[in-house]
Amino acid sequence: MKDLLTLADLTPDEMRHILDLAVAIKQDWKAGKDTPYLKNKTLGMIFQKPSLRTRVSFDVAMLQLGGHGLYLSPNEIQLGKRESVADVARVISRYVNVVMARVFGHADIVELARYADVPIINGLSDYSHPCQGMADFLTILEHKGGFQGKKLVYLGDGNNVSTSLLFGAALLGMDYTIATPRGYELHPASWALAERLAAQTGAHLEATYDPFAAVRGADVIYTDTWTSMGQEAEAERRRKIFPPYQVNREKLALAKEDVIVMHCLPAHRGEEVTDEVADGPHSRLFDQAENRLHAQKAILVWALDAEPQG
Ligand code: CP
Ligand code: NVA
């Protein structure tokens, strides 16, 4: 079964392959060509949390691929509350061809994948956001032309998004530096996994507490909200700790002249990124959001072995 629970589930070849597929599918989309690779297929979309990008881009992706997306809101399925995750997996597998789920605890998506007979795609968990990562590396490929020898710098929380960037960079041979406050680092097990992948590609991976040292020579500066969904009770405390990690004019001045700025969105403008930077000439925030559509089409086509022939 081709599940995508984290980018670290992929080999470097699979990661490149899905990116190449995304590039081709996007080209066709731009040329107005139909790509009905998932004709009559149905995607079940289970959400435990709110969403704009994930919900809309998966729904539209299925429509444009000739299939159908079925939105299941947090109130409907109530994963693990109304019935067990295993039973949800067993039942939904009888109706749909593939499932995308956005969950709080990563264990829930692992459990879904364990009991489902169809591919499971992680649409965000507390540990990982692989669809975001795929769209982000597509964006970097388009704007930087490649990954080797390029420096991706993430400032802020060691969270699901920065973990996915760590794995993606390791798979693609891109250098990655993450600067977090003390106590908000990425998990040591994620580093161990990423280092094993990086040994195959030559990616240089680094962690620091110094955001100014981190951004020196950056080709890409990336940030995300300081408080993720589910951590709202910590928001006040985090607002006091994270300001040195804000992406602003001073940080950009230390990076390469042609640095691009990325953010998975939604943004808390004025916190992790200033308006000036988010709306400035280096920002690629909305290209990145668009690329969710193209990257996820490629993930769906890959997961369902529906790749265009010839
Ligand atoms: N970046 C992202 O996943 O956005 P949503 O939470 O709106 O889906
Ligand atoms: N880290 C954020 C990403 C949102 C797309 C969260 O989990 O809320």
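Just so you know, ligand 1 is whichever comes first in the structure, and atom 1 is the first atom listed for that ligand.
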Original post:
Does the pair K151/D175 count as a salt bridge with the N-to-O cut at 4.0 Å?
Top reply: no

Subject >> atom 4 (O) of ligand 1: the protein heavy-atom neighbour that sits closest, reported with distance to 0.1 Å >> reply: R53 NE, 2.7 Å

**OP:** Decide whether R292 and T54 meet the rule of one side-chain donor and one side-chain acceptor closer than 3.5 Å.
**Re:** yes

Original post:
Which ligand 1 atoms are under 4.0 Å away from a heavy-atom of H129?
Top reply: 2 (C), 3 (O)

Original post:
Are E206 and H204 close enough that a side-chain donor and a side-chain acceptor fall under 3.5 Å?
Top reply: yes

Subject >> Hydrophobic cluster partners of F242 (side-chain heavy atoms under 4.5 Å) >> reply: Y184, W226, I241

Original post:
Does any N/O atom on C264 come nearer than 3.5 Å to any N/O atom on ligand 1?
Top reply: yes

Original post:
Hey, is L265 one of the residues with a heavy atom under 4.0 angstrom from ligand 1?
Top reply: yes

Original post:
Nearest to atom 6 (C) of ligand 2 by heavy atom, P266, S228, S51: which?
Top reply: S228

Original post:
What is the closest protein heavy atom to atom 6 (O) of ligand 1, and at what distance does it sit?
Top reply: R102 NH1, 2.8 Å

Subject >> Between E76 and Y71: side-chain donor-acceptor atoms closer than 3.5 Å >> reply: no

Original post:
Do F167 and S128 come within less than 4.5 Å of each other through their side chains, counting heavy atoms only?
Top reply: no

Subject >> Residue, atom name and distance, where the atom is the protein heavy atom closest to atom 7 (O) of ligand 2 >> reply: N160 ND2, 2.8 Å

Subject >> Nearest neighbour in protein (non-hydrogen) for atom 8 (O) of ligand 2 >> reply: M229 N, 2.8 Å

Subject >> Polar atom proximity, R102 to ligand 2 (N or O, under 3.5 Å) >> reply: no

Original post:
Looking only at non-hydrogen atoms, which of D224, L265, T227, V161 approaches atom 1 (N) of ligand 2 most closely?
Top reply: D224

Original post:
With a 4.0 Å heavy-atom cut-off (strictly under), which part of D126 contacts ligand 2: side chain, backbone, both or neither?
Top reply: neither

Original post:
Does R102 count as lying over the ring of F47, i.e. NZ or CZ under 6.0 Å from the six-ring centre, within 45 degrees of the axis?
Top reply: no

Subject >> Ligand-side contact atoms (ligand 1) for residue partner L52, heavy atom cut-off under 4.0 Å >> reply: 5 (P), 7 (O), 8 (O)

Original post:
So, is M229 polar-close to ligand 1, with some N/O to N/O distance under 3.5 Å?
Top reply: no

Subject >> Top protein contact for atom 2 (C) of ligand 1, by heavy-atom distance >> reply: R292 NH1, 3.3 Å

Original post:
Is the shortest distance from a heavy atom of R55 to ligand 1 less than 4.0 Å?
Top reply: no

Subject >> Residue from K26, R284, Q288 passing side chain to side chain donor-acceptor pair (under 3.5 Å) with E142 >> reply: K26

**OP:** Quick one: closest heavy-atom pair of A298 and A22, and the distance?
**Re:** CB-N, 3.5 Å

Original post:
How does the hydrophobic cluster around W29 look, that is, which other residues are in it when side-chain heavy atoms under 4.5 Å mark a link?
Top reply: L52, V56, V60, L293

Subject >> Residues Y37 and Q64: side-chain donor-acceptor under 3.5 angstrom >> reply: no

Subject >> Taking atom 4 (C) of ligand 2 as the reference point, the nearest protein heavy atom with its distance >> reply: L124 CD1, 3.8 Å

Original post:
Quick one: does K49 get an N or O within less than 3.5 Å of an N or O on ligand 2?
Top reply: no

Original post:
Of the backbone atoms (N, CA, C, O) and the side-chain heavy atoms from C-beta on, which set of K49 has a member under 4.0 Å from an atom of ligand 1: side chain, backbone, both, or neither?
Top reply: neither

